[in-house]
Amino acid sequence: MIIGMPSGVDLTAKDLMNTLKKKHAAKSYKSMVIYVEACESGSIFEGLLPKNMNIYAITAANANESSWGTYCPGEFPSPPSDLDTCLGDLFSISWMEDSDIHDLRKETLDQQYQLVRRRTAVDDMVGASHVMQYGNKTIAKQFVFNYMGANPKNDYYSPSSDDDSSLTTTPSIVSQHDATLLHFWHKFRNAPEGSPKKTEAHKQLMDELSLRKHIDESVNQIISVVFGQEKVPEMLNTVQSAGNPLVHDWDCFKMLVNSFKKQCGSTSRYEMKYSRAFANMCNAGVHINHATQAITQACSTNSPPP
């Protein structure tokens with residue numbers, strides 16, 4: 001539904017679709033391939049991307065599930081000891097590592113998709129995500145080279161058993177919603193006892209935990225005020241059926257998301273796990289003024305860490 005940007009305003013699926021439609025109408029591309037790495041990334045295209053725009057999109061997850069960080073501290077394989085953060089995402093590293101060793105003049109987008117899908121789904125184990133395809137899937141018959149180019153060193157590549165093994169082995173994974181918490185935990189754990197670094201790392205860890213609690217309690221209070229406590233599970237967990245957009249009223253959705261971000265003063269991406277809740281509130285016909293008042297009240301009551 002929404003893509004977090006490194007800076008500035010986050011991008012909603014509706015705004016992205018409007019831009020793509022303008023590009024298509026202006027005939028500014030022949031065909032396009034889009035990879036999206038994000039939790040619930042399927043929600044960017046689900047029920048929204050027309051098949052007649054000659055765009056093929058691949059997402060790290062379906063519209064309702066987390067994506068997964070990997071190469072994380074304390075896991076295997078682990079990043080260098082001086083880094084306390086996940087270095088990649090299972091979906092992203094799968095297609096990039098595949099691209100690193102294959103002759104992309106001979107590998108089709110569909111062949112790469114199938115490999116990445118199998119590696120990311122991890123046989124549907126708990127903690128897996130489902131790589132999805134949207135738009136004009138006939139584009140997947142084309143070679144990856146057409147969109148990414150190729151490394152001349154990989155020309156005439158012939159796969160070996162070791163290569164196949166490396167591209168099907170799944171590293172340990174961590175929910176992207178918890179990646180920041182994991183970073184602060186390892187930073188605290190690895191800091192020397194009694195040092196200023198330990199004190200600072202402990203404060204960062206406690207602040208992150210407090211912020212997550214603040215966000216959790218605020219969202220629950222907002223729903224309770226607007227719909228009643230008994231509706232909290234429904235607003236948090238309801239999912240749209242496959243093929244349908246997750247948001248019916250995009251103006252309402254943008255208003256609530258931006259209001260929550262402004263009023264709760266969050267600089268964390270943890271809050272994005274509640275995008276579906278705001279979508280469900282709008283889908284239920286919430287009165288925007290009532291909802292924004294509830295957001296202001298909840299965010300001032302559940303004060304974030306200083």
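These numbers were taken from a predicted model, which means no experiment stands behind them. Numbers here are sequence positions counted from 1.
- The shortest side-chain heavy-atom distance between W95 and F91 falls under the 4.5 Å cut-off.
- Contact of the Y29 side chain with the I55 side chain is registered, since non-hydrogen atoms from C-beta on lie closer than 4.5 Å.
- E107 meets the side chain to side chain donor-acceptor pair (under 3.5 Å) test with no other residue; sequence neighbours excluded.
- No donor-acceptor contact under 3.5 angstrom links the side chains of E234 and N280, judged on distance only.
- Counting heavy atoms from C-beta outward, D110 and Q133 have side chains that approach closer than 4.5 Å.
- Remark: side-chain polar atoms of N258 are paired, donor with acceptor, to backbone N or O of K254 under 3.5 angstrom.
- Side-chain atoms of H102 and D98 include a donor-acceptor pair closer than 3.5 Å.
- A donor-acceptor pair under 3.5 Å is absent between the side-chain atoms of S41 and the main chain of T59, judged by distance alone.
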Please set out all donor-acceptor pairs under 3.5 angstrom arising from side-chain atoms of residues 239-247, sequence neighbours excluded.
{"from": "S241", "atom 1": "OG", "to": "N244", "atom 2": "ND2", "distance (Å)": "2.5"}

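- For the pair D207 and K203, the salt-bridge criterion is met [side-chain N within less than 4.0 Å of a carboxylate O].
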When you look at E208 and K187, which way does the salt bridge (Lys or Arg N to Asp or Glu O under 4.0 Å) test go after all the steps? CA-CA 13 Å; E208 177 65 19; K187 190 174 180 180; over 6 Å; no

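- Annotation: side chain of Q297 is in contact with side chain of Q221 (closest heavy-atom distance under 4.5 Å).
- Using a 4.5 Å heavy-atom threshold, the side chains of F260 and S218 count as touching.
- Between S175 and the choices S67, S129, S66, the side-chain hydrogen bond (donor to acceptor under 3.5 Å, both in side chains) rule is met once, by S66.
- The ring pair (Phe, Tyr, Trp, His ring centres under 6.0 Å) test applied to H248 returns no partner, not counting sequence neighbours.
- The side chain to side chain donor-acceptor pair (under 3.5 Å) test applied to N136 returns N54, T138, not counting sequence neighbours.
- In this view, K198 and E193 satisfy the side chain to side chain donor-acceptor pair (under 3.5 Å) rule, not counting sequence neighbours.
- When the shell of 6.0 Å around NZ of K273 is examined, it contains more than 12 heavy atoms from other residues, nucleotides or ligands.
- Sparse packing is recorded around CE of M255, with 12 or fewer heavy atoms of other residues, nucleotides or ligands lying under 6.0 Å away.
- At least one cation-pi condition fails for R105 and F143: the charged atom is not both under 6.0 angstrom from the six-membered ring centre and inside a 45 degree cone around its axis.
- For C264 against H214, the heavy-atom pair with the smallest separation is O-NE2, 3.4 Å.
- Looking at every heavy atom in both residues, L256 comes nearest to I295 through O-CD1, 3.7 Å.
- One hydrophobic cluster, built from ILVMFWY side chains closer than 4.5 Å, cannot hold both I288 and M1; they sit in different ones.
- Checked against side chain to side chain donor-acceptor pair (under 3.5 Å), S275 has no partners two or more places apart in sequence or in another chain.
- The shortest side-chain heavy-atom distance between L211 and Y270 does not fall under the 4.5 Å cut-off.
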